[in-house]
Amino acid sequence: MEIQVPAPVEQIIEQLNCCGYEACAVGGCVRDSLLGRTPGDWDITTSAHPNQVKALFRRTVDTGIAHGTVTVMVDKVGYEVTTYRIDGEYEDGRHPKEVEFTPDLLQDLKRRDFTINAMAYSRKTGMVDAFGGMEDLKAGVIRCVGNPIDRFTEDALRILRALRFSAQLGFEIEPETYEAIKIMAPNLKQISRERILVELTKLLLSEHPERIQMVYHTGMAPYISDTFGRVHLPLPVISPELPAKKHLRWAAFLQNEAEADAALILKQLKSDNDTINRTRILTRFAKASLPPEKAALRRVMSQMTPELYDDLLLLKESRQEELSQVRRLTEEIRRAGDCLSLKSLAVGGQDLMDAGIQPGKAVGEALNCLLELVFNHPEYNEKEILIQYALRKKPEALQQ
Ligand code: ATP
Ligand code: MG
């Protein structure tokens with residue numbers, strides 16, 4: 001069995017071989033190549049020690065010297081070259097207390113999480129598959145290398161990785177591995193929220209976002225966070241047709257939660273604020289009805305960016321809402337360039353003050369009234385009309 005290795009990877013392996021070291025492509029890149037998927041990055045495993053790797057290449061970066069990893073730069077692309085290692089005892093289910101280098105490739109493959117991730121390849125060695133990775137790849141199975149209870153005890157992140165790979169590859173989790181996940185779920189408490197977020201986001205962005213259900217079926221949800229454990233079940237349908245954008249997939253998952261709860265779940269997982277805010281807006285409006293009526297649509301459009309509004313329509317359509325009328329009206333609103341925000345209102349605060357409105361709170365209130373007016377009558381968005389309206393109508397707030 002051969003795979004196509006990019007030229008720089010080939011060069012790095014050959015260079016190491018020339019100096020008497022073993023070297024192979026390993027892990028995800030081998031797995032993805034065998035599946036006909038394009039690998040995200042290429043990792044190399046070698047018998048050479050980090051200082052020996054550094055001595056051989058012109059440009060290197062000490063990415064994780066303590067763990068045996070040196071990044072070799074070729075044409076501005078980095079390739080991680082890691083020394084064969086045996087992970088020592090895990091201190092706290094998170095970090096190996098120490099790593100021990102080994103001259104034996106098989107030892108290095110044995111420490112890897114799943115059989116499909118434990119294959120190595122080079123032109124010289126061919127496929128090195130000591131744990132039945134090929135067979136599992138063909139059968140579409142996620143299976144731990146060795147005893148699953150032991151492997152999840154060493155590192156509980158693997159529990160989530162199993163789900164994530166299952167969703168990305170459309171693979172089933174082998175029964176013994178799945179049982180071990182259920183038993184070991186409480187150990188997720190040891191894993192940092194940031195790392196949990198990374199895995200869950202990859203799962204949601206995959207071709208099988210609905211497999212987030214496994215987080216509940218396996219009983220791991222309460223160990224992710226208390227809020228996560230309280231999500232309404234059954235989960236909503238999460239369509240794999242939705243574009244793979246973080247906020248959109250998270251909102252699809254959390255659409256039945258109150259917006260504050262959705263935001264809290266993401267905040268507790270240390271999500272970035274941008275994703276939290278977008279998800280919050282989508283979960284809020286996903287539940288509200290979107291009437292096929294222009295003024296109402298302008299009001300909704302004014303609450304978010306055009307891109308987010310488009311995402312909202314997709315999310316609603318994935319819930320089988322019929323929006324062809326809404327889409328047509330949206331198109332008309334956009335084509336007409338209707339005013340959708342204070343920024344594009346034909347008057348600003350200064351204009352109103354120049355016209356005699358008291359500076360202060362009244363100005364803001366008047367602007368909001370005018371915006372509301374313009375949502376209903378976009379043709380009124382002209383300076384003279386709006387000023388007259390503001391003066392003539394004299395809402396309560398303007399009368400002091
Ligand atoms: P992708 O990069 O597509 O997410 P990957 O398989 O390359 O998938 P990485 O996290 O980049 O995953 O890790 C590279 C390899 O390192 C894996 O294929 C696996 O062999 C090993 N590995 C990564 N994390 C662990 C872990 N927690 N326990 C054991 N082995 C691991
Ligand atoms: Mg990788």
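Read the numbers this way: they start at 1 and go in the same order the structure lists the ligands and their atoms.
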Enumerate the atoms of ligand 1 whose separation from the nearest heavy atom of [X] is less than 4.0 angstrom.
X	result
Lys202	4 (O)
Gly27	18 (O)
Arg164	1 (P), 4 (O), 8 (O)
Gly28	5 (P), 6 (O), 7 (O), 18 (O)
Arg31	3 (O), 5 (P), 6 (O), 8 (O)
Arg158	26 (C), 27 (N), 28 (N), 29 (C)

Ion pair [X]/[Y], N-O distance below 4.0 Å:
X	Y	result
Asp113	Arg158	no
Asp274	Lys246	no
Glu179	Lys182	yes
Glu259	Lys287	no
Arg299	Glu372	yes

Next on the checklist: Donor-acceptor check, side chain of Ser166 to backbone of Glu172, threshold 3.5 angstrom: yes or no?
Outcome noted: no
Checklist entry - Going from CD on Glu321 to CG on Leu290, what distance comes out if it is rounded to the nearest 0.5 angstrom? => result 7.5 Å
Hey, is ligand 1 close enough to [X] that some N/O pair sits below 3.5 Å?
X	result
Asp32	no
Asn117	yes
Cys29	no
Gln168	no
Asp41	no

Next on the checklist: A quick test of your reading: do over 12 heavy atoms of other residues, nucleotides or ligands sit less than 6.0 Å from CZ of Arg334?
Outcome noted: yes
Checklist entry - Does atom CD of Glu332 have more than 12 heavy-atom neighbours, drawn from other residues, nucleotides or ligands, at distances under 6.0 Å? => result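 Result for CD/Glu332: enclosed.
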Below 4.0 Å from any atom of ligand 1, is there a heavy atom belonging to [X]?
X	result
Phe165	yes
Arg111	yes
Leu157	no
Arg151	no

Checklist outcome for this item: Closest to atom 12 (O) of ligand 1 by heavy-atom distance, out of Arg161, Arg37, Glu80, is Arg161
Next on the checklist: Distance alone, cut at 3.5 Å: any donor-acceptor contact between the side chains of Ser302 and Ser341?
Outcome noted: no
